[in-house]
Number of protein chains: 2
Amino acid sequence: MLNKKLQIIEISAKLIHSKGYEKTSIQDILQAAQIGKGQFYYYFSSKQDLGIEVVDYCFEKWNQRVIKGILESEADPKAKIEKMLACAIDVHTKNGSKCGCFFGNLAVELSEHNEIFREKTNKVFESWIHHLEIVLDELMRQEKLPLSCDSHALAQSIVAMLEGGIMLMKNRQDIAALITVSNVVKKMVCI
Amino acid sequence: MLNKKLQIIEISAKLIHSKGYEKTSIQDILQAAQIGKGQFYYYFSSKQDLGIEVVDYCFEKWNQRVIKGILESEADPKAKIEKMLACAIDVHTKNGSKCGCFFGNLAVELSEHNEIFREKTNKVFESWIHHLEIVLDELMRQEKLPLSCDSHALAQSIVAMLEGGIMLMKNRQDIAALITVSNVVKKMVCI
DNA sequence: TTCATTTTACCTACCGGTTGGTACAAAAAT
DNA sequence: ATTTTTGTACCAACCGGTAGGTAAAATGAA
C-alpha cells in the first residue's frame, strides 16, 4: 500500500521540521506513525533514504505552492510578491512561529557535513531566487525601484532577508519579527 | 588551572560551531582537547553546563569585537556599518564559508526545544539590532535614507539579511553569497 | 476450481556501537 | 597530610540497522 508510505513521509516531515534530522530517531517515527520497524525498513532502505524522500516530497509541495502557484502565475508582479510574503507569514503563523523554515533548518544543520542534503536544500533556494528574479525584472520594467542594483542580487537579498527573518522569528518565538522584515521588503520593491 | 578550562571552552566552541551542539559528543571534546573524562566533569557539571559557558564566552568575544569595537566606537556611522560588514565577510572567509554563524546555527538547532539556549542566542540578536539601530539613527540625522522606515525595523531587517546571507553562503559554500547581500545592505544605507 | 508456490507486508527480538554521566582510586600539588 | 586534579572502568539508555519469522495476498498449474 503506497498510501502508507506517503503517510510515513508526511509524519516524518513534521518530526524532522520540528526536531531536526539527526534528533529525529527512527523510534520517534515508528511511534508517531504507529508502525513497526519491519514496516519502516520495508519502505525505506535507511534513515538517510527516508530523509531524502521527505526532502523531495516537501520540495515538490513547496514548488507547487510558491513557484507554480504564485511566482509563475499570471498575476501582476507586485501582487505576486505580496502573495509570496503573505504565504510565508501564513505558514509560520500556523506553525506557531517557533519551528522555522523546513529547508533553512536542514541547510543549517546538515550542509557542512552532508553533501546530498546540502545540494537538495541549495536547489530550493536557487530556484526561489531564480523565479523571484524574473518577477523583479517584470516589476522593474513597469516601475523604477529605489534600489539601483541588479535583479539577481536583489532577489538573493530578499530571500536572505526572509530566511533571516524566519530565523529571528523562531528565535524570538514571535511572528512579528517576520512581519517586520516582510514590510521592509515591500518598501524595497515599492509596494 | 583555569587556563585549561578556557582551552576546553575554546576547543568546544569550534566543535559546536562546526558540528552543532547535539552532534558534538563529549567524546569528541575529550579527544580534541586531549583530556580524560574526569577532568571534563571536574570543570563542568554537565554537557549543558559546558554549552552555556561556551555560548557566554563566544557572546563576550563577539560583544567586544562587534558591539564595543565597531558599533559603539567613535567612528562615522557609515564607517561603522562598513566595518561591521567587512568584519562579517572577514570572519566567514577565514572559516572557509561553510560553517555559518555560531549563534544563528544554535538558534536554529535549539531554540524550539531548549529555553536556556533560546534566550542566550536571542540576547545576541537583540543586542546587535539595538546597537545597529542607534547607528542608523545617527546616519539618518546626517543623511536621508532611500527607504523611509523606522530605524528599528531597518536594523532588524539588516540583521536578518546578513543572517540569511550567511545561511545561503553556508548552503552554497561560497562567500560570494554573503558579499552580494552585504553590497545590497550598503546600497540600502547609501554607502 | 483447487491446491501449491511465491511475493508482499509487517512484527519482534536482537545486534554492536555510542551516548551522557558516575564512582573511585591514583596522582599531583599545596 | 590534605585538598585538588585527573585517568580508568563502568553504567543504563539509546542509536541505526539486521535476522528471522509470520500472515495474508497474489500467482500459477492441475
Atom [atom1] of [X] and atom [atom2] of [N]: how far apart are they, to the nearest Å?
X: B/Lys5; N: D/dT4; atom1: NZ; atom2: P; value: 15 Å
X: B/Lys47; N: C/dT22; atom1: NZ; atom2: P; value: 15 Å
X: B/Phe40; N: D/dT4; atom1: CZ; atom2: P; value: 21 Å
X: B/Leu50; N: C/dG20; atom1: CG; atom2: P; value: 11 Å
X: A/Gln31; N: C/dC11; atom1: CD; atom2: P; value: 14 Å
X: A/Tyr41; N: D/dC15; atom1: OH; atom2: P; value: 12 Å
X: A/Leu30; N: D/dC14; atom1: CG; atom2: P; value: 14 Å
X: A/Tyr43; N: C/dC10; atom1: OH; atom2: C1'; value: 9 Å

Margin query: Looking at B/Lys37 and C/dG21, is any side-chain donor or acceptor paired with a base atom of the opposite kind under 3.5 Å?
Written below: yes
Margin query: Enumerate the ring pair (Phe, Tyr, Trp, His ring centres under 6.0 Å) contacts for residues 118-150 of chain A, please, sequence neighbours excluded, ordered by first and then second residue.
Written below: A/Trp62-A/Trp128
Notebook entry, point to check: Among residues 12-26 of chain A, which contact DNA chain D at a heavy-atom distance under 4.0 Å?
Noted result: A/Thr24, A/Ser25, A/Ile26
Notebook entry, point to check: OP1 or OP2 of C/dC11 sitting under 4.0 Å from any side-chain N/O of A/Gln39?
Noted result: yes
Note to self: Can you identify which nucleotide, out of C/dT8, C/dG20, D/dC15, has its nearest atom closest to the A/Gln27 side chain?
What the structure shows: D/dC15
Next item on the list: Measure from the side-chain heavy atoms of A/Tyr42 and tell me the nearest of C/dC11, C/dT8, C/dG21.
Entry: C/dT8
Return the set of residues passing salt bridge (charged side-chain N to carboxylate O under 4.0 Å, His left out) with [X] (not counting sequence neighbours), or none when no residue passes.
X: B/Lys14; value: none
X: B/Lys78; value: B/Glu143
X: B/Glu10; value: none

Next item on the list: With A/Lys47 as the cation and A/Tyr21 as the aromatic partner, state whether NZ or CZ is under 6.0 Å from the six-membered ring centre and within 45° of the axis.
Entry: yes
Next item on the list: Would you mind checking if A/Glu115 and A/Arg118 are paired as a salt bridge, meaning a charged N to carboxylate O distance below 4.0 Å?
Entry: yes
Show me the side-chain donor-acceptor pairs of residues 173-181 of chain A shorter than 3.5 Å, one per line, residues at least two apart or across chains.
from: A/Asp174; atom 1: OD1; to: A/Ala176; atom 2: N; distance (Å): 3.0
from: A/Thr180; atom 1: OG1; to: A/Ala176; atom 2: O; distance (Å): 2.9

